[in-house]
Amino acid sequence: MKRIAVFLLCIPMLFLSSCGEPPTVQSDFSASFTARYEDIDYAGAVTKEDDCLDVILSQPYTVSGMTFCWEGSALSVRYMDHSAGANADYLPADSVPAALHNALAYLPQAAYTGTENGEDRFTLPTPYGDAELTAQDGIPKSLTVPNSGTVFVFE
């Protein structure tokens, strides 16, 4: 009788010990990206560290070399040797730099929704609805922003 009781007590312990923490996504990262917005292909690099976000565009040629730097809510725009502070509210919300900022600012609040094809899926609560993020081993792989539907692919 004691063996049965011990066995029955061990079963819940096995199930409870198999439950682990859900995957998380790294809040700080650097990656190159590609995206397509309004039939134009974009490419560049993004670096997020604490409350700073840098977006450097390399494609198309008309914006190549432009850098958008957010430190908290302050934005500066640089091109070559020129730099200017700017009000982030004047950037269209669905523009490539603003879309990245509006989603990646919420990385610490990423909510795990499941795993599919070896990639973890998360939602990010942006001011324009939930953005969809995929990550592998905590490193972002793709991001779909809600207001424009733009899909960013990170490498």
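Everything quoted here is computed from the prediction, not taken from an experiment.
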Tell me if a side-chain donor or acceptor on Asp28 pairs with a main-chain N or O of Asp50 at a distance below 3.5 Å.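 Looks like yes, one N/O pair under 3.5 Å.
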Residue pair [X] / [Y], side-chain heavy-atom distance below 4.5 Å:
{"X": "Trp70", "Y": "Cys52", "result": "no"}
{"X": "Asp120", "Y": "Tyr112", "result": "yes"}
{"X": "Val46", "Y": "Phe152", "result": "no"}
{"X": "Thr115", "Y": "Arg121", "result": "no"}
{"X": "Tyr106", "Y": "Leu133", "result": "no"}
{"X": "Thr67", "Y": "Tyr79", "result": "no"}
{"X": "Glu132", "Y": "Thr123", "result": "yes"}
{"X": "Gln26", "Y": "Ile139", "result": "yes"}

Can you confirm whether or not the ring centre of Phe29 sits under 6.0 Å from the ring centre of Phe154?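 Phe29 vs Phe154: aromatic centres under 6.0 Å.
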For residues Ser142 and Thr134, is any side-chain donor paired with an opposing acceptor at under 3.5 Å?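 Yes, a side-chain donor-acceptor pair sits under 3.5 Å.
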Please evaluate residues Leu107 and Val25 with respect to the criterion side-chain contact (heavy atoms from CB on, under 4.5 Å), reporting the C-alpha separation (whole Å), side-chain torsions for both, the decisive distance (0.1 Å), and the verdict. CA-CA 7 Å; Leu107 269 178; Val25 64; 3.9 Å; yes
Please walk me through it: do Leu75 and Phe68 pass side-chain contact (heavy atoms from CB on, under 4.5 Å)? CA-CA 7 Å; Leu75 169 65; Phe68 297 81; 4.2 Å; yes
